[in-house]
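To keep things clear, I will list the structure first and then write my remarks on it.
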There are 2 protein chains.
Amino acid sequence: VALGPGGEFDLIRSVLGPETALPAGVVVGPGDDAAVLSGGRWALTCDLSVEDVHFRRDWLDPEEIGYRAAVVSLSDLAAMAAEPVTVLVACAATRADAASGVVERVHAGLREAVKEYGAAVVGGDVTRSPGPLVLDVTSVGRSESPILRDGARPGDEVWVTGSLGASAAHVRAMEAGGATTDAHRRAYARPSARTREALWLARTGELHALIDLSDGLVGDAGHLAAASGVALMLETASIPVAPGVAEVAGGGEEGVALALEGGEDYELVVVVPGGALDSRAADFRDRFGVTLSRVGRVETGDGVHIEEPDGTVRKLDRGGFDHFGPGARSR
Amino acid sequence: VALGPGGEFDLIRSVLGPETALPAGVVVGPGDDAAVLSGGRWALTCDLSVEDVHFRRDWLDPEEIGYRAAVVSLSDLAAMAAEPVTVLVACAATRADAASGVVERVHAGLREAVKEYGAAVVGGDVTRSPGPLVLDVTSVGRSESPILRDGARPGDEVWVTGSLGASAAHVRAMEAGGATTDAHRRAYARPSARTREALWLARTGELHALIDLSDGLVGDAGHLAAASGVALMLETASIPVAPGVAEVAGGGEEGVALALEGGEDYELVVVVPGGALDSRAADFRDRFGVTLSRVGRVETGDGVHIEEPDGTVRKLDRGGFDHFGPGARSR
């Protein structure tokens, strides 16, 4: 399974075991944003949200915990250009959370998000746990032509929807006990999955590869580079850093670094043939009220490279956010 | 959603929110063993396994934890007469469990079970948790003619595969610090999903309803009765109590009670028109080496009723195992 570097991804590689042939009825197996089944082209993906790892209860109300858990999972369907149809929700909660209504409020927030994206919860599991609160959201969507991670080719362009770093800036401000902004808090607590945007992009022109930004642009670009067998060159001058991120990060360069590595943006990285988005970017922005920025290019080689405004290039040897890594903190 | 009585099931009803129309592409929604999608008739189900709730680490080795978590989920596909195709695995684990290889061993056991049932793991999520170890196994199968819980009709017969109570007897013995048997331990640690049996039963004759035994016969019969809008009359003299269960339970009647209420047998409750299994039961036993016992009948009314050998009948007002109930213990 071709993923970028990092201890978490080594672990994923090892738990998947030796590569085996895909079972009959499976079109896309492990290693992409979602698996894809034949017969209806169903795309399947699951995402865990764990208290004190993915969220903190003093930072989010229960509805937001559920809303966010759903969007994180639905974002993986967007990354396949799949239309959400239905969701399974597994929830492990303490007896106190069940008795106090926290579990119901989490599910209410979750259902709200699922409904916003045109799907419905059709099943799941609720069980007691000694804690922490754990949610696993399995999202199921349909995609006639799923866009994978492995189609990036030298000469392609790398684009990103929206702006980056706001969610990470909120987390950094909260950890420092500092001030945050409504926009940064919203990016963290009520993120958007780029579902409509992905479907429109896939319908209106050729896409070579697609991935959503959960581990940070550097990390997710690393997965894309590994899956496609190419190098991704990111141009720091073009990174769409969200407003206010530089202030939180402590400077312009630090703001770019946070946008590159912060994670949890749930924007899309879109890889297209050179020039393929030029005529559509304005239409995209008008239609969705979301920016679309060319941030780099695909070259022969491997890994993720950063090109500074002065033309210097460095290859990054680290991946994205690694939950099991030595520096892992709550997020 | 029609489930039997119990606090856990009240909670499931409430988290599912108000009943809404099924989204396009969904044939069976919440409340059965699995949801079913049109376009390939994909059946979807997920099951959580939580440390110190569903399993204890001092009772199972990591491979068994994974194996068991997979079978529990695959059993819900059997309960729809669906053939397993693929599985998603979400795993929240401590850094220590990731570093020591426990996470890999759990996944190895899980993959072993998934392979035994003809499926393959195609995706999932691994993330850090402060603990406990939590697994959510989403199983995906195919069923051209899924057998639901809602088809039981007065005059039907209720049958059960295999024998009941061995898993519960093992748990009881372990909790008491007493002796267990290899067979009881195996029933708990390496249960079987009745996949081939369910597919054969569905293929060779008419089935009105099907459910697997996770909450105990009384509890799962309660779900079936609620879904079908009927009463289920269970005849205690006919319950196939597993060998040695009475000894652990402390007597013949106590053995029947444990078989009725113990849970985690992962056998099937099969509801058929009167007489429909008579000519096939012997063939079933020969083919699978598994017993098939007529344990009761379907009547007009509601709930689960017990008929004692002397003909006295009592209606049970409690459901199956309730994880959030006052008596909930580790299991």
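Protein chains get the first letters and strands the later ones, always in sequence-line order, with residue 1 at the start of each. Predicted model only: the values in this text are computed from it and were never measured.
By number of non-hydrogen pairs under 4.5 angstrom with chain B, the leading residue of A:Gly131, A:Ala34, A:Ala108 is A:Gly131. Ranked by heavy-atom pairs shorter than 4.5 Å toward chain B, the options A:Thr86, A:Val89, A:Leu88, A:Val122 are led by A:Val122. Options B:Arg105, B:Glu51, B:His107 differ in how many heavy-atom pairs under 4.5 Å they form with chain A, and the most are formed by B:His107. Residue with the most contacts toward chain B among A:Asp32, A:Leu44, A:Val28: A:Leu44 (heavy-atom pairs, distance under 4.5 Å). Ranked by heavy-atom pairs shorter than 4.5 Å toward chain A, the options B:Pro130, B:Ala35, B:Ala92 are led by B:Pro130. Between chain B and the residues A:Val121, A:Val134, A:Ile12, A:Asp47, the most heavy-atom pairs under 4.5 angstrom are made by A:Asp47. Ranked by heavy-atom pairs shorter than 4.5 Å toward chain A, the options B:Gly124, B:Pro132, B:Gly29, B:Gly31 are led by B:Pro132. In terms of heavy-atom pairs under 4.5 Å with chain B, the best-connected choice from A:Ala99, A:Ala90, A:Gly118 is A:Ala90.
Only the side chain of A:Val26 has a heavy atom closer than 4.5 Å to any heavy atom of chain B. In this structure, no portion of A:Val106 lies under 4.5 Å from any heavy atom of chain B.
Across A:Arg142 and B:Gly25, no two heavy atoms sit closer than the pair NH1-CA, 4.5 Å. Across B:Pro30 and A:Gly123, no two heavy atoms sit closer than the pair CG-N, 4.5 Å. Across all non-hydrogen atoms, the minimal contact from A:Asp125 to B:Cys46 is CB-O, 3.8 Å.
Atoms CZ and NE2, on B:Arg128 and A:His54 in that order, are 8.5 Å from each other to the nearest 0.5 Å. Note that CG of B:Leu48 is 8.0 Å distant from SG of A:Cys91, once rounded to the nearest 0.5 Å.
Heavy atoms of other residues, nucleotides or ligands lying less than 6.0 angstrom from CD of B:Glu83 number 12 at most.
When atom types are taken as modelled, the side chain of A:Arg111 and the backbone of B:Val15 share a donor-acceptor pair closer than 3.5 angstrom.
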